[in-house]
Amino acid sequence: MDRYYDHKKIETKWQQLWEKESVFVVQEQTKQKKYYALCMFPYPSAAGLHVGHPESYTAVDIIARYHRHLGYNVLNPIGWDAFGLPAENYAIKVGVPPWETTAKSIDNFRRQIKSFGFSYDWSREISTADPNYYRWTQWLFLQMYKHGLAYKKKGKVNWCEHCQTVLANEQVINGQCERCQNEVRQKDLEQWFFKITDYAEELLSGLDMLDWPENIKLAQKNWIGKSVGAEIEFKIKNSVLSIKVFTTRPDTLYGATYIVLAPEHELIQSLESKIENKTEVNQYITATKKKSDLERISLNKEKTGVKLQGLKAINPANNKEIPVFIADYVLNTYGTGAIMAVPAHDERDWEFAKKYNLEIIQVIKPNSHKSTDLKNIQLYTAEGVLINSGEFNGLDSETAKQKITKKVNGKITTQYRLRDWLVSRQRYWGAPIPIIYCDDCGMMPVPEKDLPVLLPRDVDFKPTGQSPLVYSKIFHQVQCPKCGVSGQSVRREVDTMDTFVCSSWYFLRYCDPHNEQQAFSQEKVAYWLPVDLYIGGAEHAVLHLLYARFFTKALRDFGWLKISEPFLRLRNQGMILGEDNQKMSKSRGNVINPDEVVAEYGADTMRIYEMFMGPLEDTKPWSTSSIIGSRRFLEKLWLVVLEWLENNRPSVESKEMKKLVQQTIKKVSEDIVAIKFNTAISALMILVNFMAKEKSFSQESLHNLLVILNPFAPHITEELWQKIGNKDLLVTQPWPTWDKNLVQADSVTVAIQVNGKLRGSIEVSIDAKQSEVLSLAREQESIKKYISGKKVVKEIYVPGKIVNIVVID
RNA sequence: GCCGGGAUGGCGGAAUUGGCAGACGCGUUGGACUUAAAAUCCAAUGAGAGCAAUCUCGUGGGAGUUCGAUUCUCCCUCCCGGCACCA
């Protein structure tokens, strides 16, 4: 046996063998329990893998391999999220078509990923840009269409001038494009939407049963933004028209002293004849239209608005006439686009009323206040007890909400901030939307038998603000599915789908990747789903993760799935920073290339190092000097086994060794389940260090060590397993169990404190009585000097842990 | 502004959830081996004081609860993330 731990030779050998023998290729086995481990599939970029990729893949691989040892039928797939803007932009930059650049990127990613020895079932590899895949993405679009969940609508949408396309709300971050950080403007366009809002309530309530990080659940909760309130109508004086407002505080209705409409509110047109200051109003509306969302947010430190002169609304609670304003702090897209302003109890209304000198009436007082100082009105936004509210005085807010809403014939309603998902894009590199327009027959879905609608290649794919598909000749050579006419009067939809549509169902396709009749067979999906563990970046909190949940629920309602939630357990990997504690980036020059790390130290070392760096979900800096520690650990293991073989397998084993092996099995098993890989590796290091010191241990102990280390470092353990004479593969060996009695020590060291300060320690048996331990403690030389001549006030003994003697002079 | 997470040696991080703070690893220092270096092995390594045994301080800062606090409560500072005029 080689004294040198030659990682290159070993890793290549086992990777080839696993692949040749299809060790990780799986089929449905009804007799066997299944486990579906999944990492978020990568977006193949020309830059290649960064060190963050293997972090999540290794974590998933450890879990997958662990469950294989436990006897599960484990599905651990991989594929490519291949469509999308960055790939297209890169293609434009280098002047090569995106299908070529993407294919190249995928080849490179595949090579890199394979070098880590992940236990993927490569026979299930998929790419979203493959017609065999996007055919079914299109089919899913048609399902959405058929069930009324896909619709086309004209309206204000987010437009990125730089990317020359519309964007979903989820892709606009602080008024900026998620991809290029350019300002997003509002544009009136006809676009395709998925009706995700139909599922708002279920997307919210479903979160409760998921084992997901709290921050992700919270982000989704905030994004869905549920609020329960009332719709209340305010009649307009001398008009048949009325203004409907939405409020979460109907209990404050008596304090509503004016109404505010969003500048875009449609009622303004109908009321035009009554408005006396039309010019001023129109100016304000035009000015608002010009502002981007970003400006509307950042400039609105100070509120602005215009009073609609000649117009009065009537407060239905007390029939008081109140003025009507338009102001851009009210959003047309939320609620009814109109609010009742209660300046005494709402911060924004307060600010506005102060500025324009409007009436402020206090109608709620805090529960605790006995007297009310009406002269000195202060902003109070919490709930409380009603005052100045006629018959409702003295009621608490909660009760008053119901009663007042009822009195004014209001309606209790629920509002969500979530908007429908805008899925059409005016870009090339995506799945074409399968719709045909015929001048005579109108808009029609492409018949399922005609799928896929192939992405044409006879185009100049540079963005022009219209989809490049407009210019393809081949693409529009199509017959109307209804009247059979072709030519100028029949055209295809030219927009492509948001890549998030492609990634909303890939975990389903993995279950049945080669099905040519269906997107997936219901039986296969029913066997594998839900995903038992899903690991990926936190940046998808409200994007992919929300969309995939929506797809799952929609497909369930279409009858294709039996489950309601796709991912039972989710964990995020933290970002790996550069050595300078900054985000890795080409411009900073702090990027670590995983290829170099694998070449120099080996895949096993890289895997161990990345898992040992710290908790998976934490952000942590890379440290090239620290990798050596993980390498030394594996080298030490290599030499321990080597010497053990050279010394003819010395099998005399100390009691401590026996115990430590048991403790390590326990610790590693528990830590894998809890995804605490850093402490699991620490325990394995302790065991290997001890074996290196003792040099003598049983064959069984070595077997156990190799099995529990295998998920972390699969190549070296497999090699050593073979070297010590095993013929079968280590990956299929059963996971060892631990002996509860052996894990427990029979005697323990108990710390002795005097007045809370550590003054000594004693060795006692695990089941020693309190009185025994205490008298032993008092007799200790180191303790005596602290307690002699003093009065013992109290003695505490925590079994097996600590003694505390409290004394006073 | 609101909500969430966090702050522990020179560095990455442990700590059975109220019980010996600093496991494990990196780094550093000293020693062994070597002509020498690398590698490896052994020892030390939170700070301060002391020849020493020992002692004092110490988990962002300040208070509190407790026999005992990195852990619980309150206040403050800083960092990271989410939402942000959502009525």
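Because the structure is a prediction, the values reported are computed rather than measured. Heavy atoms only: backbone and side chains are in, while hydrogens, waters and symmetry mates are out. Here is how names work: the chains are called A, B, and so on, in the same order as the sequence lines, proteins then strands, and each is numbered from 1.
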Looking for any heavy atom pair under 4.0 Å, which part of the strands does [X] touch: base, sugar-phosphate only, or nothing?
{"X": "Lys221(A)", "answer": "nothing"}
{"X": "Arg759(A)", "answer": "sugar-phosphate"}
{"X": "Ser227(A)", "answer": "sugar-phosphate"}

So if I define the base as every atom that isn't primed, P, OP1 or OP2, how would nucleotides 22-30 of chain B read as a B/S/- string at a heavy-atom cutoff under 4.0 Å? -BBSSS---
Output yes when [X] and [Y] qualify as a salt bridge under the 4.0 Å nitrogen-oxygen rule, no when they do not.
{"X": "Glu170(A)", "Y": "Arg419(A)", "result": "no"}
{"X": "Arg571(A)", "Y": "Asp211(A)", "result": "yes"}
{"X": "Lys289(A)", "Y": "Glu264(A)", "result": "no"}
{"X": "Glu55(A)", "Y": "Lys620(A)", "result": "yes"}
{"X": "Lys8(A)", "Y": "Asp6(A)", "result": "no"}

For atom [atom1] of [X] and atom [atom2] of [N], their distance in whole Å:
{"X": "Glu795(A)", "N": "G19(B)", "atom1": "CD", "atom2": "P", "result": "21 Å"}
{"X": "Glu351(A)", "N": "G1(B)", "atom1": "CD", "atom2": "C1'", "result": "11 Å"}
{"X": "Ile576(A)", "N": "G13(B)", "atom1": "CD1", "atom2": "P", "result": "11 Å"}
{"X": "Asp618(A)", "N": "G5(B)", "atom1": "CG", "atom2": "C1'", "result": "10 Å"}
{"X": "Lys784(A)", "N": "U54(B)", "atom1": "NZ", "atom2": "C1'", "result": "19 Å"}
{"X": "Leu758(A)", "N": "G18(B)", "atom1": "CG", "atom2": "P", "result": "21 Å"}
{"X": "Ile339(A)", "N": "A87(B)", "atom1": "CD1", "atom2": "P", "result": "11 Å"}
{"X": "Asp671(A)", "N": "U16(B)", "atom1": "CG", "atom2": "P", "result": "12 Å"}

Short side-chain to backbone donor-acceptor contact, [X] and [Y], under 3.5 Å:
{"X": "His345(A)", "Y": "Tyr380(A)", "value": "yes"}
{"X": "Asp420(A)", "Y": "Thr197(A)", "value": "yes"}
{"X": "Arg607(A)", "Y": "Ile62(A)", "value": "no"}
{"X": "Asn590(A)", "Y": "Ser585(A)", "value": "yes"}

Stems in RNA chain B: runs of 3 or more consecutive Watson-Crick or G-U pairs, distances under 3.5 Å? B:1-7 with B:77-83, B:10-12 with B:24-26, B:27-32 with B:40-45, B:46-49 with B:54-57, B:60-64 with B:72-76
What's the closest nucleotide to the side chain of Trp223(A) if the choices are G19(B), C83(B), G82(B)?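 Per side-chain heavy atoms of Trp223(A), the pick is C83(B).
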What nucleotide, of C55(B), C83(B), C20(B), holds the atom closest to the side chain of Arg417(A)?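 Closest nucleotide to the Arg417(A) side chain: C83(B).
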Quick one: list whatever passes side-chain hydrogen bond (donor to acceptor under 3.5 Å, both in side chains) with [X], sequence neighbours left out.
{"X": "His544(A)", "result": "Tyr534(A)"}
{"X": "Glu763(A)", "result": "Ser747(A), Thr749(A)"}
{"X": "Gln220(A)", "result": "Arg549(A)"}
{"X": "Ser761(A)", "result": "none"}

With syn defined as a glycosidic angle within 90° of 0 and anti as the rest, where does U71(B) land? anti
Nucleotides 45-50 of chain B: which of its N/O atoms have a protein N/O under 3.5 Å away?
none

Test side-chain hydrogen bond (donor to acceptor under 3.5 Å, both in side chains) on Ser242(A) and Glu233(A); report intermediate values, then the result. CA-CA 6 Å; Ser242(A) 62; Glu233(A) 267 188 33; 3.1 Å; yes
Side chain to side chain contact (heavy atoms under 4.5 Å, CB included) with Asn689(A): which residues, sequence neighbours excluded?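 For Asn689(A) the side chain to side chain contact (heavy atoms under 4.5 Å, CB included) partners, ignoring immediate neighbours, are Lys636(A).
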Per-pair distances, 0.1 Å, donor-acceptor, side chain in residues 624-631 of chain A, under 3.5 Å, sequence neighbours excluded:
{"from": "Thr624(A)", "atom 1": "OG1", "to": "Glu579(A)", "atom 2": "OE2", "distance (Å)": "2.9"}
{"from": "Thr624(A)", "atom 1": "OG1", "to": "Trp622(A)", "atom 2": "NE1", "distance (Å)": "3.3"}
{"from": "Ser625(A)", "atom 1": "OG", "to": "Ser623(A)", "atom 2": "OG", "distance (Å)": "3.3"}
{"from": "Ser626(A)", "atom 1": "OG", "to": "Ser623(A)", "atom 2": "OG", "distance (Å)": "3.1"}
{"from": "Arg631(A)", "atom 1": "NE", "to": "Glu635(A)", "atom 2": "OE2", "distance (Å)": "2.8"}
{"from": "Arg631(A)", "atom 1": "NH1", "to": "His7(A)", "atom 2": "ND1", "distance (Å)": "2.8"}
{"from": "Arg631(A)", "atom 1": "NH1", "to": "Tyr601(A)", "atom 2": "O", "distance (Å)": "3.1"}
{"from": "Arg631(A)", "atom 1": "NH2", "to": "Tyr5(A)", "atom 2": "O", "distance (Å)": "3.0"}
{"from": "Arg631(A)", "atom 1": "NH2", "to": "Glu635(A)", "atom 2": "OE2", "distance (Å)": "3.3"}

Under-4.0 Å side-chain N/O to phosphate OP1/OP2 contact, Lys801(A) with U17(B): no
Taking only N/O atoms, report every protein-nucleotides 66-74 of chain B pair under 3.5 Å with atom names and distance.
{"from": "C67(B)", "atom 1": "OP1", "to": "Lys794(A)", "atom 2": "NZ", "distance (Å)": "3.2"}
{"from": "C67(B)", "atom 1": "O2'", "to": "Asn804(A)", "atom 2": "ND2", "distance (Å)": "3.3"}
{"from": "C67(B)", "atom 1": "O2", "to": "Asn804(A)", "atom 2": "ND2", "distance (Å)": "2.4"}

Sorted by chain and residue number, the ring pair (Phe, Tyr, Trp, His ring centres under 6.0 Å) partners of Phe352(A) (sequence neighbours excluded) come out as Tyr258(A), Phe325(A), Tyr329(A), Tyr356(A)
Given the [atom1] atoms of [N] and [M], what is the spacing between them in whole Å?
{"N": "A32(B)", "M": "A37(B)", "atom1": "C1'", "value": "15 Å"}
{"N": "G13(B)", "M": "A87(B)", "atom1": "C1'", "value": "46 Å"}
{"N": "C72(B)", "M": "C57(B)", "atom1": "C1'", "value": "24 Å"}

Could you go over nucleotides 58-60 of chain B and give all protein N or O partners under 3.5 Å, atom names and distances?
none

